[in-house]
Amino acid sequence: MSLFSRDPILLTPGPLTTSLPTKAAMLRDWGSWDASFNAVTAGVRRKLLAIVHGEETHVCVPMQGSGTFSVEAAVNTLVPRDGHVLVLINGAYGTRLAKLTRMMGRRLSTFETPEDVPTTPQDVDRLLAADPSITHVGLIHCETSTGILNPLPEIAAVVARHGRSLIVDAMSSFAALPIDARSVPFDALIAASGKCVEGPPGMGFVFVRRAVLEQCAGRSTSLALDLHDQWTYMEKTTQWRFTPPTHIVVALDAALDQLGAEGGQPARLARYAKNCETLVGGMAELGFRVFLEPGIQAPIIVTFHAPADPNYEFKPFYDCVRDKGFVLYPGKLTQVETFRVGCIGAIGPDEMRHAVNAVRDTLAQMGIRQVSPAVV
Ligand SMILES: *Cc1c(COP(=O)(O)O)cnc(C)c1O
């Protein structure tokens with residue numbers, strides 16, 4: 001344990017490490033009627049929409065709460081009560097999307113591939129051709145439970161060709177991976193403040209096709225999670241419908257300005273790619289094996305096989321690495337023992353190198369010699 005109290009570096013996919021200017025933006029109180037605060041909200045919505053180039057076609061509707069609140073709001077606002085949603089699953093967030101769709105009372109079908117296998121556009125084409133009653137398709141862009149990337153542009157094209165509506169959970173990819181509403185057709189795309197835009201957690205947002213949202217009055221079965229109502233109220237009054245997460249909004253605004261100064265989404269992707277490369281390379285030198293094939297690995301979060309050594313156990317490993325200043329993330333797989341390391345946040349390759357060193361020292365301290373997994 002260090003003698004000095006410092007915040008550890010969060011290698012977790014939200015909450016994540018934020019910059020000092022982003023934290024400093026939260027040192028002020030704002031009233032929800034204050035015109036200057038509502039101007040910040042408008043600016044945040046505009047800056048977010050520009051990241052997906054959606055100015056001509058979509059609107060950005062912010063929503064209080066963690067990312068899941070916005071996913072649930074999107075399904076509940078867009079899908080008619082007699083709609084039929086096909087959810088494409090290859091991990092825990094796909095499973096969650098299916099579960100909330102069912103709980104919202106919508107008809108649900110699922111298509112599941114193993115956690116290391118992306119959904120293909122051919123799968124979607126076949127499923128939509130076979131069932132004309134499907135009205136909406138739900139897709140997780142980067143499935144954070146492993147870090148696997150699903151082919152959004154190709155699947156979006158297939159869904160559009162079949163004349164169905166696409167709802168994308170782009171929570172952990174937005175602002176890092178390229179998403180262009182001018183060439184990738186979607187009706188709703190969801191992300192949140194505390195992921196790759198590097199703000200604090202507490203607010204989500206949904207990019208909804210304006211012509212679609214205009215048709216969505218009265219569809220929601222929830223008062224709080226009604227995106228149509230949130231949107232129309234905000235357009236009319238400039239205010240949030242219910243208490244806004246003021247500090248999160250101003251910090252997100254600061255984080256978005258830093259994203260712009262860094263060079264926008266392409267620069268962020270380049271930094272995360274370097275983080276990922278540094279991490280995977282360093283961990284490979286220690287003997288760790290990654291769970292996914294490189295071609296389907298998004299540079300957002302990396303799943304590593306746990307060491308086979310009998311001295312390995314996640315909790316003491318986690319505690320020991322944390323004492324050295326780095327917070328890891330448990331695995332989320334049922335079949336194999338893994339742990340995860342995030343590449344996102346206000347961190348660079350230096351932090352990743354230091355994290356690998358902390359893991360190296362931890363292996364020595366715990367007497368872990370067999371680092372590679374028992375069976376792959
Ligand atoms: C983080 C995340 C969510 C939202 O999770 P919350 O815990 O509600 O913030 C949803 N989908 C994906 C893919 C995510 O990474």
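Start at 1 and go down the list; that is how both ligands and their atoms are numbered. In what follows, residues are counted from 1 in the order of the sequence shown. Atoms considered below: every heavy atom in the structure, side chains included; atoms not considered: hydrogens, waters and symmetry mates.
- The ligand atoms of ligand 1 that sit less than 4.0 angstrom from a heavy atom of S66 are 6 (P), 8 (O), 9 (O).
- C142 counts as a contact of ligand 1, since one of its heavy atoms falls under 4.0 Å from the ligand.
- With contacts defined as side-chain heavy-atom distances shorter than 4.5 Å, the pair R96/I89 does not qualify.
- Counting heavy atoms under 4.0 Å from ligand 1, residue H141 does not touch it at all.
- Between R369 and D309 there is no salt bridge, since no side-chain N of the basic residue sits under 4.0 Å from a carboxylate O of the acidic one.
- Atom 2 (C) of ligand 1 has K195 NZ, 2.5 Å as its closest protein atom, hydrogens excluded (heavy atom only).
- Less than 4.0 angstrom separates some heavy atom of S172 from each of these atoms of ligand 1: 15 (O).
- A side chain to side chain contact (heavy atoms under 4.5 Å, CB included) with F174 is found for one member of D169, V168, L48, I190 and no other, namely L48.
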Show the numbers, then the answer: is there a ring-ring contact (aromatic ring centres under 6.0 Å, His included) between F288 and F339?
CA-CA 11 Å; F288 283 97; F339 65 91; 5.5 Å; yes
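- The closest protein non-hydrogen atom to atom 7 (O) of ligand 1 is R96 NH1, 3.8 Å.
- Taking a cut-off of under 4.0 Å to the non-hydrogen atoms of T68, the atoms of ligand 1 that pass are 4 (C), 5 (O), 6 (P), 8 (O).
- Ranking the protein heavy atoms by distance from atom 9 (O) of ligand 1 puts G67 N, 3.1 Å first.
- The nearest heavy-atom contact from the protein to atom 15 (O) of ligand 1 is T144 OG1, 2.5 Å.
- With a 4.0 Å heavy-atom cut-off, ligand 1 is reached by no atom of P13.
- Contacts between D169 and ligand 1 below 4.0 angstrom, taking non-hydrogen atoms only, involve the side chain exclusively.
- Taking the side chain as every heavy atom from C-beta outward, Q370 and P307 never approach each other to under 4.5 Å.
- Relative to the six-membered ring of F205, K195 misses at least one condition, a distance below 6.0 Å or an angle of at most 45° to the axis.
- The side-chain heavy atoms of M234 and P62, taken from C-beta on, include a pair separated by under 4.5 Å.
- Salt bridge present: D350 and R353 bring a charged side-chain N and a carboxylate O closer than 4.0 Å.
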